[in-house]
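Quick note on labels: first sequence line is chain A, next is B, and so on, each numbered from 1. Only a predicted model underlies this, so the values are computations on that prediction, with no experimental measurement involved.
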2 protein chains.
Amino acid sequence: MSLRHALLGLLSERPASGYDLLKRFETSLANVWPATQSQMYGELSKLAAAGLISVSAEGPRGRKEYTLTDEGLAELRHWLTETEPQRNPRSDTLLRVFFLGVLTREQAGDYLTGLMDLSDRELEALRELERTIDWGDDQLSVYGRIALEYGLRFNEMKREWARWAATQLR
Amino acid sequence: MSLRHALLGLLSERPASGYDLLKRFETSLANVWPATQSQMYGELSKLAAAGLISVSAEGPRGRKEYTLTDEGLAELRHWLTETEPQRNPRSDTLLRVFFLGVLTREQAGDYLTGLMDLSDRELEALRELERTIDWGDDQLSVYGRIALEYGLRFNEMKREWARWAATQLR
DNA sequence: CGCCGCATGTAAGTTGTTACATGATTGA
DNA sequence: TCAATCATGTAACAACTTACATGCGGCG
């Protein structure tokens, strides 16, 4: 149910079309809440039907610009303050760890060093993102940086954990 | 597609019924790959039809004990060694951070301290789990401990990040 | 003999993915 | 003019959730 809130959240900054929103998903939200084009257009229709957003302008090529309604903003605030972030996310990466026993120690070690490399690459990508983003003083910048910091710390943690785990195998 | 591999992985240790597997999901795998009863029974049927597992015994109350076949073990190894753990998981928790700007600073701070508390509680639960589990020398214990360590480090990281983020708001 | 736990299944609905389909506008 | 980008949508399928449904077996 969070795709709808992601859309409401983005629209709380400024009106946008489905296409615009898609771009935002591919950049800032890609690491947090990926969504496909297909899913987005469907969800936007539902949100409009529910009155949480409305079509505020129409442009060329059938472009529809959506604006958050008062009800939409209220729903966004309600979600943020009254509901618990719960869903403990599934982790493919970690699931595999449980079953490394069916491999040789060497193969298991390879898997763990592979994870280290993955975290390194991810860290580099996040640092690159940090450099390229135009950090202003707006709200999204403040909280965007906080989210980015999470990614940095998370990947550092994963790298060190994988390093430690590899030593455990011996 | 990983539920099937989780089932294959559990069956690689020893044969079990759907009911047995469900218990394992509720305990060891609950934090990594939650699954419902409904989903499991369906997936077991599919795995049996595909020849990756087979019914090795039938017991009272229609109990069916499944055993991993050679093909099933091969598939498990293939998954572990040849495929990339990819799906960067969605994070409800982090998504919310992006939109804290629509709240007051105080409300945003409350959210972050709420996350700290959540991590603390999770840490306590994992430490309790560490105490109660009967850690043997078997494969699953070795790798289960490694997975648990991940959980501990992850929650410590989240707690410290949330603490840091709360200070950023001032 | 009655309750609790064992044990399996189905149905309906939601969310998310992949692929297909179409067409308008703009800038080189 | 033609290619890239803008722009929206639909269909089929896979994964997951929630709720409903049923019944046997063992133990006290």
Taking the axis from the first five pairs and the axis from the last five, what angle separates them in the helix from C:dC1-D:dG28 to C:dA28-D:dT1, rounded to 10 degrees? 20°
Protein-nucleotide distance (A:Arg61, atom CZ; D:dT5, atom P), rounded to Å: 12 Å
On DNA chain C, compare the nucleotides closest to A:Glu43 and B:Asp20; which residue's is nearer the 5' end? B:Asp20
Mind calculating the distance between OH (B:Tyr66) and P (C:dT8) to the nearest angstrom? 7 Å
Expressed in angstrom and rounded to an integer, what is the separation of B:Tyr19 atom OH from C:dG9 atom C1'? 15 Å
Rounded to whole Å, how long is the line connecting atom CZ of B:Arg63 with atom P of C:dC6? 10 Å
Once you round to the nearest 0.5 Å, how far does CG of A:Leu112 lie from CG of A:Leu118? 12.0 Å
Flag, side chain of B:Ser2 to backbone of B:His5, donor-acceptor distance under 3.5 Å: no
Output the rounded distance in Å from CG (B:Leu44) to P (D:dA15). 15 Å
How close or far is atom P of D:dT18 from atom CE of B:Met40, stated in whole angstroms? 16 Å
Would you indicate what A:Lys23 reaches in the nucleic acid, counting non-hydrogen atoms under 4.0 angstrom: base, sugar-phosphate, or nothing? sugar-phosphate
Whether the side chain of A:Gln39 and the base of C:dT15 hold a donor-acceptor pair under 3.5 Å is what I'd like checked. no
Take the protein atom CZ of A:Arg4 and the nucleotide atom P of C:dT15, then report the distance between them rounded to whole Å. 8 Å
Is there a donor-acceptor pair under 3.5 Å between the side chain of B:Arg153 and the backbone N or O of A:Lys158? no
Where the side chain of B:Arg90 meets the backbone of A:Pro34, is there a donor-acceptor pair that is under 3.5 Å apart? yes
So, the side chain of B:Arg163 versus the backbone of B:Met116: is there a donor-acceptor pair under 3.5 Å, distance only? no
Is any N or O donor-acceptor pair between the side chain of A:Ser38 and the base of C:dT18 shorter than 3.5 Å? yes
Expressed in angstrom and rounded to an integer, what is the separation of A:Gln37 atom CD from C:dA21 atom P? 15 Å
Report yes or no: do B:Tyr143 and A:Leu103 belong to one cluster of Ile/Leu/Val/Met/Phe/Trp/Tyr joined by side chain heavy-atom distances under 4.5 Å? yes
Over 60° means perpendicular and under 30° means parallel, so tell me whether A:Phe99 and B:Trp79 are parallel, tilted or perpendicular. tilted
